[in-house]
Amino acid sequence: TITLTIDGQQVEVQQGATLLEAARELGIEIPTLCYHPDLSLHGSCRVCVVEDVKSGRLLASCVAPVNDGMEISTNSSKARAARKTNVELLLANHPNDCLGCDRNGTCELQDITHDLGITRVDFEGEKRDLPVDASGPSLKREPNKCILCGRCVRVCEEVQGVSALEFTERGFNSIVSTGFNLPQSEVNCANCGQCATVCPTAAITEISEVDKVWAALEDDSKHVVVQTAPSIQSTLGEEFGMEAGTVVTGKMAAALRRLGFDKVFTTDFAADLTIMEEGNEFIQRFKGNKNLPHITSCCPGWVKFCEHNYPDLIDNLSSAKSPMSMFSAISKSYYAEQTDIDAKDIYTVAVMPCTAKKFEKEREELLGDTDAVLTTRELARMIKEMGIKFTTLADEKYDEMLGSHTGAATIFGTTGGVTEAALRTVKEELDGEPLGRLGLGFEGIQEASLEVAGQTVNVAIANGLANAAKLLDEVRAGNSKYHFIEVMACPNGCVGGGGQPLPTSKEIKQKRALGLRNIDESGIIRKSHENPMIKKLYDDYLGEPLGGHSHHLLHTKYQK
Ligand code: HC1
Ligand code: SF4
């Protein structure tokens with residue numbers, strides 16, 4: 001171990017630790033910008049400089065290693081002045097439009113400016129005038145707001161294994177861009193939005209559909225129904241200052257009604273439907289030993305990644321549409337029929353934790369199912385715009401018919417949840433007995449084995465696309481032992497989605513996941529096949545899982 005002194009306090013840390021880590025050990029906070037705990041070190045913004053007292057040198061604490069006997073001052077006048085100058089230089093060519101900015105209130109540059117007591121910028125830098133890339137359908141890039149911290153570049157390469165973004169040009173002209181500066185919609189980007197999640201400013205944000213949804217709500221000829229993804233229940237509250245993981249299902253339903261939606265439904269209903277279709281699809285494949293491993297396809301970022309990188313494994317993807325798209329298809333068929341509303345007048349809005357869902361709804365195969373996708377953040381903006389006091393709303397319920405749901409559906413929103421939900425139904429259907437504990441955690445890759453119908457079923461779960469690639473490489477090489485693989489593009493699953501409240505962190509995501517697990521364990525029905533409205537849907541309308549009617553409405557085929 002290494003012993004050093006920081007701000008007069010002694011600390012002992014492992015060799016190889018950085019000064020930033022050592023300071024945090026002592027509870028001393030040093031501001032950072034390009035640093036991110038989940039990513040490799042960069043050391044470029046120099047906002048985290050500290051002074052080595054003996055030599056008088058300034059060191060970027062996020063990358064500088066500890067040395068024995070070091071004396072560090074994190075707040076000497078020299079360190080503070082340098083830190084301020086470095087932030088002022090960033091501000092000198094940053095647009096001054098905080099008031100109208102998407103990240104006003106959650107911008108890290110804004111926070112640091114405030115915390116460092118910077119009230120005016122003495123340097124008048126040349127402002128850049130670079131074009132905005134809103135080629136869509138999911139994300140908007142505004143290079144003028146980019147501070148070149150490289151967090152987006154690193155998350156895309158290191159966590160997602162996509163590398164859609166890179167630094168191009170040099171010096172003052174340096175920018176983050178796609179390869180050949182192509183529109184983002186034309187590159188291999190998975191639309192996962194992890195770049196937006198780690199961006200400290202508004203250089204990358206979702207493409208907003210808020211105006212479209214207001215217009216639909218104000219159009220009397222439209223019957224506007226809304227579905228909310230499983231994970232929103234434990235994340236939306238954060239936008240209103242509530243603790244991550246607080247279950248706000250009832251307040252959310254109340255707020256959606258006040259926004260003017262004609263019916264307030266849940267994607268969870270369709271997650272149960274997905275389990276009925278996909279669970280039976282897996283049983284068919286497993287019995288016939290065909291297209292194994294069966295790979296989930298409810299995550300649109302993952303599907304796009306698969307199309308780009310593993311086109312040879314497309315037949316292994318489940319043909320079941322995602323819960324979002326199944327819901328939308330049912331809202332314009334069964335629901336239209338039951339309520340005697342013309343399907344062409346039904347406008348279906350999906351509230352998703354995800355930017356890739358905006359892409360999913362535009363896919364040729366699924367076009368027309370969903371009319372608009374709002375992220376958790378966009379929904380919160382609408383609630384705030386309406387002046388609704390979210391935290392004091394009395395709980396309300398989802399509307400009948402497409403509002404009934406189970407714990408199995410709720411856990412879709414966290415890594416491993418789809419697998420557990422599917423196996424609850426598969427195990428009962430084949431063995432007539434309930435699934436035991438799978439013991440799944442929160443890691444990037446997990447596996448489990450269980451006995452079903454006298455045979456061993458091996459399952460694997462990946463979250464984060466770089467992790468998925470590891471499992472898929474094994475499948476491609478022919479040495480995978482798995483029969484069922486769940487992939488979610490975002491680290492930790494939809495609770496870590498690119499459209500979720502900011503800021504986020506591992507701890508916050510774990511709390512969100514716990515919130516979903518708490519709903520599952522709250523005494524509600526826990527198995528998709530026991531959802532009474534799903535039973536009714538099959539009795540009244542669909543017939544049986546994988547039947548002709550289901551096939552037409554609820555399944556799709558992806559391109560190689
Ligand atoms: Fe998800 Fe899914 S779980 S993909 O994370 O299968 O987005 O929450 O809605 O469709 O149900 C997202 C969440 C969501 C779908 C479901
Ligand atoms: Fe990379 Fe995902 Fe951002 Fe696309 S959306 S650039 S894949 S991090």
Please walk me through it: do Thr556 and Glu365 pass side-chain hydrogen bond (donor to acceptor under 3.5 Å, both in side chains)? CA-CA 7 Å; Thr556 187; Glu365 304 87 343; 5.6 Å; no
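- When each of Asp371, Asp369, Thr348, Thr370 is checked for a side chain to side chain donor-acceptor pair (under 3.5 Å) with Lys332, only Asp371 meets the rule.
- When the shell of 6.0 Å around NZ of Lys127 is examined, it contains more than 12 heavy atoms from other residues, nucleotides or ligands.
- When only modelled atom types and interatomic distance are considered, Thr85 and Glu88 share no side-chain donor-acceptor pair under 3.5 Å.
- Residues satisfying the salt bridge (Lys or Arg N to Asp or Glu O under 4.0 Å) test with Lys222, not counting sequence neighbours, are Asp219.
- Relative ring orientation between Phe305 and Tyr310 is described as tilted, the plane-to-plane angle lying within the 30° to 60° band.
- Atoms SG and CD, on Cys298 and Glu360 in that order, are 9.0 Å from each other to the nearest 0.5 Å.
- Here the straight-line distance linking atom NZ of Lys304 with atom OH of Tyr558 works out to 13.5 Å at 0.5 Å rounding.
- Note: Ile204 CD1 to Asp102 CG = 12.5 Å, rounded to the nearest 0.5 Å.
- In this pair, Phe327 and Phe265 present their aromatic rings tilted. The plane angle is within the 30 to 60° band.
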Between Thr201 and Cys199, does a side-chain contact (heavy atoms from CB on, under 4.5 Å) hold up when you go through it step by step? CA-CA 6 Å; Thr201 70; Cys199 179; 3.7 Å; yes
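- Thr235 and Gln500 share a donor-acceptor pair across their side chains, judged by distance under 3.5 Å alone.
- Counting heavy atoms from C-beta outward, Glu209 and Val373 have side chains that approach closer than 4.5 Å.
- Using a 4.5 Å heavy-atom cutoff, the side chains of Lys509 and Thr504 are in contact.
- In this structure, Lys384 places its NZ atom where more than 12 heavy-atom neighbours from other residues, nucleotides or ligands lie under 6.0 Å away.
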Please step through side-chain contact (heavy atoms from CB on, under 4.5 Å) for the pair Ser138 and Lys357, ending with a clear verdict. CA-CA 8 Å; Ser138 298; Lys357 288 284 175 192; over 6 Å; no
Please assess Glu206 against Lys358 for the test salt bridge (charged side-chain N to carboxylate O under 4.0 Å, His left out), listing each intermediate value before the final yes or no. CA-CA 9 Å; Glu206 70 268 66; Lys358 291 178 185 279; over 6 Å; no
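- Within the model, atoms CE of Met70 and CG of Leu59 stand 5.5 Å from one another, a figure rounded to the nearest 0.5 Å.
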Start with the C-alpha gap between Asp133 and Lys140, add the side-chain angles, then the distance that decides, and say whether salt bridge (charged side-chain N to carboxylate O under 4.0 Å, His left out) holds. CA-CA 6 Å; Asp133 179 0; Lys140 178 175 80 175; over 6 Å; no
Residues Arg377, Glu239; criterion salt bridge (charged side-chain N to carboxylate O under 4.0 Å, His left out); working and verdict: CA-CA 7 Å; Arg377 299 189 290 262; Glu239 288 281 348; 5.7 Å; no
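- In this structure, the separation between OG1 on Thr376 and CD on Glu238 is 9.0 Å, given to the nearest 0.5 Å.
- Side-chain atoms of Arg141 come within 3.5 Å of backbone atoms of Val176 as a donor-acceptor pair (strictly under, hydrogens ignored).
- Here the closest heavy-atom approach between residue Val47 and residue Arg83 is recorded as O-CG, 2.9 Å.
- Other residues, nucleotides and ligands contribute more than 12 heavy atoms inside 6.0 Å of the NE2 atom of His308.
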Please evaluate residues Lys361 and Met324 with respect to the criterion side-chain contact (heavy atoms from CB on, under 4.5 Å), reporting the C-alpha separation (whole Å), side-chain torsions for both, the decisive distance (0.1 Å), and the verdict. CA-CA 9 Å; Lys361 82 166 190 315; Met324 177 184 88; 4.2 Å; yes
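- Under the 3.5 Å distance criterion, with hydrogens and angles disregarded, a donor-acceptor pair is assigned to the side chains of Gln233 and Thr249.
- The CZ atom of Phe167 sits 6.0 Å away from atom OG of Ser174, with the distance rounded to the nearest 0.5 Å.
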